[in-house]
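For this chain, numbers begin at 1 and follow the sequence in order.
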Amino acid sequence: MDDVAVAASAARAAARVLLALRADGALTGRALGDAGDAAAQEAISAVLAAERPGDAVLSEEAADDERRLSADRVWIVDPLDGTREYGEAGRTDWAVHVALWAGGELGASAVALPALDQVLVTDPAPAPPARRDGPVRIAVSRTRPPAEADAVASALGGELVPMGSAGYKVLAVVRGEVDAYVHSGGMYQWDSAAPVAVARATGLATSRIDGTPLVYNSAGLSLPDLVVCRPELAGPILAAARAGR
């Protein structure tokens, strides 16, 4: 298998166990989320160990091995992005992230949206749909929409659209459900690596709020903010977000 196929296989393996756990009905809420985290981590680890045993792995659900900092190839994984949403019956806004960082850049990656039976990959990249008519739609956290997003909505006459996991919000831009995702207040590298790779492959704009590049496989695990948007909106969105800080 090539690297994209490995990423997709790992994401699908996690999706299968997550859907099976949810369908079983024995667990709900936080207990279901915890079990899902562990089962998805095991599923992804098994695929990567079989297909790419020499590669390093950075995962939310495993201890950080600093040998990744000198490795040429590092898989950046979030086995279950949106644990809260996964534990809520009927919600679809959660995801599985599998990204390959190689040679200093994100590369072959896959994001599964198990509840929608979708896996989006970097190659072939999804074709971005035409922008919907109406106000600019900006994906934000369900619980803590940032001031910068409010500033963007005010400046562009847009509207905020609360959603669950970070990966789902990035792919909502890829899929044309929204036009942008504006986030501040902190996240980790695994929260966005795979979805950002897919977004870049489709031609979307991705950066920090200050316009600088998103950097992955760095020593510090935090990635405080990001913007993912349609390229024609990048200039005004970044300007408004910076003004709203």
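Summarising the geometry, atom CG belonging to Asp117 is positioned 9.0 Å from atom CZ belonging to Arg12; distances are rounded to the nearest 0.5 Å. Taking OG1 of Thr92 as the start and CG of Leu113 as the end, the distance is 8.0 Å to the nearest 0.5 Å. Atom CZ of Arg137 sits about 10.5 Å away from atom CG of Leu160, to the nearest 0.5 Å. With values rounded to the nearest 0.5 angstrom, Tyr168 atom OH is found 4.0 Å from Glu177 atom CD. Atom-to-atom distance recorded for Arg68:CZ and Asn217:CG is 5.0 Å, nearest 0.5 angstrom.
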Practice item. Might you work through the side chain to side chain contact (heavy atoms under 4.5 Å, CB included) test for Glu61 and Ile44, ending with a clear yes or no? Key: CA-CA 11 Å; Glu61 299 302 322; Ile44 291 171; over 6 Å; no
**Study point:** Val161/Ile138 under side chain to side chain contact (heavy atoms under 4.5 Å, CB included): CA gap, chis, key distance, verdict
**Key:** CA-CA 6 Å; Val161 183; Ile138 305 152; over 6 Å; no
Exercise for review: List the steps and the verdict of side chain to side chain contact (heavy atoms under 4.5 Å, CB included) for Arg200 and Glu105.
Suggested key: CA-CA 11 Å; Arg200 287 178 179 172; Glu105 292 290 345; 4.0 Å; yes
Practice item. Test side-chain hydrogen bond (donor to acceptor under 3.5 Å, both in side chains) on Ser184 and Asp225 and set out the steps. Key: CA-CA 4 Å; Ser184 68; Asp225 54 72; over 6 Å; no
Practice item. Please assess Arg67 against Asp65 for the test salt bridge (Lys or Arg N to Asp or Glu O under 4.0 Å), listing each intermediate value before the final yes or no. Key: CA-CA 5 Å; Arg67 287 179 294 181; Asp65 184 347; 2.6 Å; yes
Check your understanding: Between Gln189 and Leu58, is a side chain to side chain contact (heavy atoms under 4.5 Å, CB included) present by the stated rule, with each step listed?
Key -> CA-CA 9 Å; Gln189 294 179 41; Leu58 170 63; 4.1 Å; yes
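Between the side chains of Ser192 and Tyr216, at least one donor N or O lies within less than 3.5 Å of an accepting N or O. For the 3.5 Å distance criterion, the side chains of Gln41 and Ser59 qualify, holding a donor opposite an acceptor.
Enclosure of atom CZ in Arg144 is not indicated, since only 12 or fewer non-hydrogen atoms of other residues, nucleotides or ligands lie within 6.0 angstrom. Other residues, nucleotides and ligands contribute over 12 non-hydrogen atoms within 6.0 Å of the CD atom of Glu159. Applying the 6.0 Å contact sphere to CD of Glu232 captures more than 12 heavy atoms from other residues, nucleotides or ligands.
Between Asp93 and Lys169, no side-chain nitrogen of the basic residue sits less than 4.0 Å from a carboxylate oxygen of the acidic one, so the salt-bridge criterion is not met. A salt bridge links Arg142 with Glu85: the closest approach of a Lys/Arg side-chain nitrogen to an acidic carboxylate oxygen falls below 4.0 angstrom. Taking the charged nitrogens against the carboxylate oxygens, Asp179 and Arg131 do have a contact shorter than 4.0 Å, which makes a salt bridge.
Residues Leu226 and Ile209 fail the side-chain proximity criterion, which asks for heavy atoms closer than 4.5 Å.
Aromatic ring pairs are classed by plane angle as parallel below 30°, tilted from 30° to 60° and perpendicular above 60°; the pair Tyr181 and His183 is tilted.
The residue from Thr83, Asp37, Asp191 that alone fulfils the side chain to side chain contact (heavy atoms under 4.5 Å, CB included) condition with Asp78 is Asp191.
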